[in-house]
Amino acid sequence: VVTTDGSISQIPRQEYEEAEKRVIDELKAINKPFVVLLNCTNPNSKSSIELANELSIRYSKQVIPVNCIELDENKIKEIITGILYEFPVSCISFNLPNWFKSLDDDDELRQNISSAVLKDVGSISTIRSVSSYIEGLSAIDEISDVEIKSADLSCGNVCINANIDSSYFYAILSRKCSIKIENERD
């Protein structure tokens with residue numbers, strides 16, 4: 001969707017707002033992936049950036065301030081990437097440590113992590129929304145590191161790596177072996 005801050009022509013910004021909202025609402029209603037381009041004579045100006053942020057909040061979509069006449073290859077790549085990140089996620093896979101996978105189904109750590117992973121997974125709809133989901137997972141005490149390992153934008157497949165603090169591994173190992181083990185040397 002291309003709109004403007006009003007600096008491109010003699011038509012004021014307010015004249016674009018009704019059509020802009022209607023088009024964005026229609027695209028959202030049919031789940032079409034899109035970004036909003038804010039066409040400006042000076043896309044790096046404070047007012048252009050502020051308006052882009054305001055529109056991004058209003059429409060819950062990425063808004064990119066641009067000067068359409070001066071688009072270069074890098075800006076075009078940014079726009080295309082932005083659109084690709086609006087496509088739906090079709091499959092999410094998780095890589096967890098091998099030792100975690102061998103825990104019993106009723107193990108407390110396994111249940112806690114599994115519950116946390118499943119809790120907000122429904123909030124993932126687009127490739128872009130995976131980042132917010134990962135931020136939520138990183139707040140879980142037991143998870144030491146979480147990242148997107150890969151995202152195949154051609155089909156919507158996302159793979160997430162989640163590492164669990166190794167102290168949990170040693171605590172579980174100690175409990176199972178009835179010997180205190182705190183690290184690899186033990």
Side-chain angles (χ1 to χ4, degrees), residues 1-5 13 16-40 43 48-68 71-98 100-101 105 109-164:
V1 174
V2 180
T3 190
T4 184
D5 65 349
R13 161 100 186 110
Y16 293 91
E17 289 178 336
E18 182 182 333
E20 166 188 294
K21 181 180 180 337
R22 182 179 43 78
V23 169
I24 290 172
D25 288 345
E26 287 174 6
L27 290 172
K28 283 182 170 184
I30 58 174
N31 292 321
K32 286 289 183 189
F34 69 95
V35 295
V36 178
L37 302 182
L38 181 62
N39 195 13
C40 317
S48 296
I49 293 169
E50 286 174 356
L51 180 57
N53 289 335
E54 177 188 320
L55 293 174
S56 180
I57 291 167
R58 181 183 308 164
Y59 297 124
S60 300
K61 285 291 179 182
Q62 182 183 17
V63 178
I64 306 170
V66 297
N67 182 326
C68 289
L71 286 177
D72 61 10
E73 183 178 346
N74 288 334
K75 190 55 86 170
I76 291 170
K77 285 180 181 177
E78 178 187 344
I79 294 165
I80 291 171
T81 300
I83 294 168
L84 288 172
Y85 273 75
E86 293 298 324
F87 277 82
V89 171
S90 60
C91 178
I92 301 171
S93 60
F94 286 88
N95 288 330
L96 293 161
N98 287 332
F100 178 82
K101 298 172 192 172
D105 289 341
L109 178 65
R110 183 179 183 119
Q111 289 180 345
N112 289 347
I113 300 242
S114 297
S115 294
V117 164
L118 295 173
K119 178 182 167 202
D120 293 325
V121 78
S123 68
I124 297 175
S125 58
T126 64
I127 301 290
R128 183 177 316 285
S129 66
V130 174
S131 295
S132 299
Y133 174 74
I134 283 186
E135 285 177 27
L137 286 180
S138 66
I140 297 166
D141 292 336
E142 295 90 351
I143 295 179
S144 60
D145 180 43
V146 63
E147 65 181 357
I148 298 173
K149 178 185 176 193
S150 63
D152 186 342
L153 303 179
S154 69
C155 60
N157 292 344
V158 177
C159 182
I160 297 172
N161 277 349
N163 293 314
I164 300 170

Enquirer: Do the side chains of Thr4 and Arg13 get nearer than 4.5 Å, heavy atoms only?
Expert: no
Enquirer: Go through the steps for Asn67 and Lys75 under the test side chain to side chain contact (heavy atoms under 4.5 Å, CB included), then give the verdict.
Expert: CA-CA 10 Å; Asn67 182 326; Lys75 190 55 86 170; over 6 Å; no
Enquirer: On a heavy-atom basis, which atom in Leu38 and which in Ala52 lie closest, and how many Å separate them?
Expert: CD2-N, 3.8 Å
Enquirer: Apply the test side chain to side chain contact (heavy atoms under 4.5 Å, CB included) to residues Ile124 and Ile92: give CA-CA distance (whole Å), side-chain angles for both, the deciding distance (0.1 Å), then the verdict.
Expert: CA-CA 9 Å; Ile124 297 175; Ile92 301 171; 3.3 Å; yes
Enquirer: If we only count heavy atoms from C-beta on, is the Val1 to Tyr59 side-chain gap below 4.5 Å?
Expert: no
Enquirer: Which pair of non-hydrogen atoms, one from Ile148 and one from Ser131, has the smallest distance, and what is that distance?
Expert: CD1-OG, 4.3 Å
Enquirer: Taking atom OH as the centre, does Tyr85 end up with more than 12 heavy-atom neighbours from other residues, nucleotides or ligands that are less than 6.0 angstrom away?
Expert: no
Enquirer: So which atom in Ile127 and which in Gly156 form the shortest heavy-atom distance, rounded to 0.1 Å?
Expert: CD1-CA, 4.0 Å
Enquirer: Within the side chain of Asn39, is there an N or O that forms a donor-acceptor pair under 3.5 Å with the backbone of Cys68?
Expert: yes
Enquirer: Mind checking whether Lys149 and Ile160 have side chains closer than 4.5 Å, heavy atoms only?
Expert: no
Enquirer: Identify the heavy atoms of Leu96 and Lys101 that sit nearest to each other, and give their distance.
Expert: O-CE, 3.2 Å
Enquirer: With heavy-atom distances below 4.5 Å as the criterion, would you say the side chains of Val36 and Ile24 are in contact?
Expert: yes
Enquirer: Give, for atom NZ of Lys61 and atom OG of Ser56, the distance between the pair rounded to the nearest 0.5 Å.
Expert: 10.0 Å
Enquirer: Any donor-acceptor pair under 3.5 Å linking the side-chain atoms of Thr3 with those of Glu20?
Expert: yes
Enquirer: Is any side-chain heavy atom of Glu86 closer than 4.5 Å to a side-chain heavy atom of Phe34?
Expert: no
Enquirer: Answer yes or no: are there more than 12 heavy-atom neighbours, outside Lys21 itself, under 6.0 Å from its atom NZ?
Expert: no
Enquirer: Is any side-chain N of the basic residue among Arg58 and Glu54 closer than 4.0 Å to the acidic one's carboxylate O?
Expert: yes
Enquirer: Indicate the atoms forming the closest heavy-atom contact of Glu142 with Ile113, along with that distance.
Expert: CB-CD1, 3.7 Å
Enquirer: Does a donor on one side chain and an acceptor on the other come within less than 3.5 Å for Ser90 and Asn157?
Expert: yes
Enquirer: How long is the straight-line distance from CD of Glu147 back to CG of Asn161, given to the nearest 0.5 Å?
Expert: 5.0 Å
Enquirer: To the nearest 0.5 Å, what is the distance between CG on Asp5 and CD1 on Ile49?
Expert: 11.5 Å
Enquirer: Using modelled atom types only, decide if a donor and an acceptor are shared between the side chain of Thr126 and the backbone of Pro88 within a distance under 3.5 Å.
Expert: no
Enquirer: Can you tell me how far CD of Gln62 sits from CD1 of Ile64, rounded to the nearest 0.5 angstrom?
Expert: 4.0 Å
Enquirer: Can you confirm whether Leu71 sits close enough to Ile79 that some side-chain heavy atom of one is under 4.5 Å from a side-chain heavy atom of the other?
Expert: yes
Enquirer: Kindly give the heavy-atom pair with the smallest separation between Leu137 and Ala116, and that separation in Å.
Expert: CD2-O, 3.9 Å
Enquirer: Can you tell me how far apart CG (Leu51) and SG (Cys40) are? Round to the nearest 0.5 Å.
Expert: 7.0 Å
Enquirer: For the backbone of Glu17 and the side chain of Arg22, can you confirm whether one donor and one acceptor N or O come within less than 3.5 Å of each other?
Expert: no
Enquirer: Kindly say whether Ser123 contributes a backbone atom to a donor-acceptor pair with the side chain of Asp120 at under 3.5 angstrom?
Expert: no
Enquirer: One pair to check against side chain to side chain contact (heavy atoms under 4.5 Å, CB included): Cys159 and Asn95. What are the steps and the verdict?
Expert: CA-CA 7 Å; Cys159 182; Asn95 288 330; 3.3 Å; yes
Enquirer: State the CG-CD distance between Asp72 and Glu78, to the nearest 0.5 angstrom.
Expert: 9.5 Å
Enquirer: Which of these, Val146, Val89, Val117, sits in a side chain to side chain contact (heavy atoms under 4.5 Å, CB included) with Tyr133?
Expert: Val117
